[in-house]
Amino acid sequence: MEKTTYLAQKNFINVKLGKLAKSLLVSNPEAFAYLCLALVLDMDENNIDDDIIIDGEGDKQVDAISITQTGNKKIIDLVQIKKESGFSSNVVIQIENGLKWIFQKSPRDVNKLKNVKLKDKINEIREIWDANTVVNVYYCTLGDADRIPREAREQSDTLIAEYNKLFNDKFNFKFIGAQSLYDLIQQRERNDKVVSEKISYEFHQDAANMLDYYIKDFNGVICSVRGEEIARLVENNGDNLFEANIRKFLGDNKVNMAILDTCKSESNSQFFWFFNNGITIVCEDFKVLRNPKNPHIEVRNAQIVNGCQTATTLFNAWRNGELNEDTRVLVKIFSAKNESFVNKITEATNNQTAISTRDLRANDRVQILIENYLKEKYGYYYERKRNQYRDRKIGRNKIVNNEKVAQAFLAIGKKRPSVAKTSKARLFSEEFYEDVFSAPIEHLLISYKIVEFADQEKKQKEKDETKYSLKIYGFLHIARMIAFYLFGSEDFPPTLKIDEHIKKIEQKTKTLKALYKKSFDKLLKQIQIKQKRGELESLNNFFKTTDAETLVNNILHP
């Protein structure tokens, strides 16, 4: 990257950081950490989950650990963030040490760790780790990724080789510098773009060109497309073609290098169609034009749900002038407006994370109704899609995130805090959606405000490991208890009373603080009894179980 371009991108990010730090009321280095996590892990910097942040004494050079499970696939993301203008081989060595703690150290050594979050994350990783586990390591700075020191690059290559043996070629190490961060910011700001394109396909007068399949409300076609045409789609639409997630393209791993070698090869590019699994596109609607002079398929609201690696690698080869003209790709195009069917296609054709149900629900009538109601009655800005209010001068305390609303109501309204803790990815699925969002809006808001208060209490430091773990992992269960004591029963009070409670919470009266202490102390007492009996090892795991819900119910109804 030319130095002037790099400096401009770095300055752009620094301007962003200044605004973000002011908005979040944090320092610039903290704002940089939030920005990196939001971009790399596809989150909202206003709502970074505290549970993933490991940063602190004894963090072993791992600032954040995110564990995602979709079907049989597990994704472990490890992030190290340095607000520096370069990359260091020493940091790569420190990351290597962190990896050894996570994957190689003995359970005895791990349980001696003073950093409770790191210890719990390591144990959680070891419980789910299997042949379907993907590990992504991100080293984020404001540096120039085109000027990574040779020693740092060699050390990362050694790490990749070593851990790919352990993870069956599913280990990835990525340097994230100013250019990558800038590109991700630009990608995010284009995120609302609907991809509608004309995709040219191969037409031969004397041969079958396309397979059509129709059943009920679902249509599909299979055809052959030139590699250059796929590259054009990526150039025109960028990451809008894919889920907005840097993890989708995993860089120069063995599979992508094989794709690149084939499409560049003078002798093998003609066989690309046979060697490659192809690309799957899901769209809202498509129309096939079978004109021999201009054969193409018009797609509306399209997304590649399988074949991101193929499409991106073809684009990179084409951009570098290395893509052979005779490269052809098998392409499947499906039209489906049913979100569960789309997700089944995604899961069946590839183990990639399914399309976010939250995003698909963003424009539902009920979501728009809640948005308008909260703004009109309470002056809150309901965030029904990610980063909806990112560039507006709205106080963070005035933004109500709909994902957290769903989690809060499941914990309080449905009395299922353990389910709310473990089912975050399914909150907008058919399993929970109607149950949650058919509730009165006042019930949704008071649940959110109570959980928000319990969540803020997590930031109060505790030296005692049990108390610390209870605050971190049991905050939804504590919130459930606070609601019971605040309402005086398991039922929500009348609307006027709810409005009074909301005002008290907004004014930070001592009432909620006292109820938090009462709930915390009662739950702590029972936890300590279980620990003395040897019934509890990990509070993180305990609060994911129905046993934790039963314990809370027994405290509330002795």
Side-chain angles (χ1 to χ4, degrees), residues 42-44 46-47 191-192 194 217 243-244 282 284-285 300-301 303 336-344 346 354-390 392 394 396-417 419-452 455 476 479-480 483 487 491-499 501-502 505:
D42 191 26
M43 295 179 172
D44 176 356
N46 288 296
N47 290 292
N191 218 19
D192 291 335
V194 173
D217 296 326
E243 265 190 282
V282 170
E284 194 173 318
D285 194 18
R300 183 160 60 89
N301 199 5
Q303 184 176 64
K337 298 179 182 178
N338 182 297
E339 76 174 62
S340 62
F341 185 72
V342 170
N343 288 338
K344 285 176 182 176
T346 307
I355 297 168
S356 165
T357 50
R358 181 192 177 195
D359 291 340
L360 290 168
R361 298 281 196 182
N363 294 320
D364 280 6
R365 177 178 286 180
V366 67
Q367 294 298 315
I368 295 171
L369 173 62
I370 295 170
E371 178 184 21
N372 292 335
Y373 189 88
L374 290 182
K375 177 67 172 65
E376 188 67 29
K377 182 176 180 180
Y378 297 101
Y380 284 111
Y381 293 82
Y382 183 70
E383 192 173 49
R384 55 188 169 85
K385 52 187 174 183
R386 285 176 295 178
N387 301 306
Q388 185 174 350
Y389 301 109
R390 184 180 61 241
R392 295 181 56 182
I394 298 170
R396 191 180 180 185
N397 63 330
K398 283 294 183 181
I399 296 175
V400 175
N401 176 275
N402 68 345
E403 189 174 56
K404 291 192 173 183
V405 165
Q407 188 179 42
F409 185 77
L410 195 56
I412 292 175
K414 294 298 178 181
K415 323 292 189 283
R416 302 304 308 274
V419 176
K421 178 178 173 65
T422 58
S423 304
K424 198 171 179 181
R426 310 199 316 270
L427 292 173
F428 288 81
S429 69
E430 293 174 1
E431 182 180 0
F432 298 118
Y433 186 75
E434 188 173 346
D435 240 8
V436 169
F437 289 104
S438 61
I441 297 174
E442 289 83 3
H443 295 189
L444 297 176
L445 180 61
I446 188 67
S447 297
Y448 172 85
K449 296 300 291 182
I450 292 170
V451 168
E452 182 185 48
D455 189 42
L476 289 170
R480 148 110 171 89
F487 301 159
D491 299 323
F492 285 91
T495 300
L496 288 176
K497 193 67 178 175
I498 288 177
D499 289 347
H501 290 323
I502 290 171
I505 294 171

At what distance, to the nearest 0.5 angstrom, does [atom1] of [X] lie from [atom2] of [Y]?
X      : Y      : atom1 : atom2 : value
Ile399 : Tyr389 : CD1   : OH    : 8.0 Å
Ile368 : Glu371 : CD1   : CD    : 7.0 Å
Ile446 : Ile502 : CD1   : CD1   : 4.5 Å
Leu374 : Arg384 : CG    : CZ    : 12.5 Å
Leu445 : Tyr373 : CG    : OH    : 9.5 Å
Leu410 : Phe432 : CG    : CZ    : 5.5 Å

**Q.** Intermediate values then yes/no, side chain to side chain contact (heavy atoms under 4.5 Å, CB included), Leu444 and Val436
**A.** CA-CA 8 Å; Leu444 297 176; Val436 169; 4.2 Å; yes
Answer whether the closest heavy-atom distance between the side chains of [X] and [Y] falls below 4.5 Å.
X      : Y      : result
Glu431 : Ser423 : no
Asp44  : Glu383 : yes
Leu427 : Asn402 : no
Phe487 : Ile450 : yes

Q: Would you confirm whether Lys415, through its side chain, and Gly413, through its main-chain N or O, come within 3.5 Å as a donor-acceptor pair?
A: yes
Q | Backbone of Ala420 reached by a side-chain donor or acceptor of Gln407 within 3.5 Å | A | yes
What pair of heavy atoms forms the shortest contact from [X] to [Y], and how long is it?
X      : Y      : answer
Ile412 : Ala479 : CD1-O, 3.9 Å
Ala408 : Ser447 : CB-O, 3.5 Å
Ile498 : His443 : CD1-CD2, 3.4 Å
Tyr433 : Val366 : OH-CG1, 3.2 Å

Q) Which residues pass the side-chain hydrogen bond (donor to acceptor under 3.5 Å, both in side chains) test with Tyr382, sequence neighbours left out? A) Gln367
Q. Judged by modelled atom types alone, do Lys449 and Tyr378 share a side-chain donor-acceptor pair under 3.5 Å?
A. no
Q) Taking the six-membered ring for Trp, are the ring centroids of Phe437 and Phe409 within less than 6.0 Å of each other? A) no
Q: Could you tell me whether Lys377 and Asp499 have a side-chain N and a carboxylate O separated by less than 4.0 Å?
A: yes
Q | All pairs passing salt bridge (Lys or Arg N to Asp or Glu O under 4.0 Å) where residues 398-409 contributes a residue, at least two apart | A | none
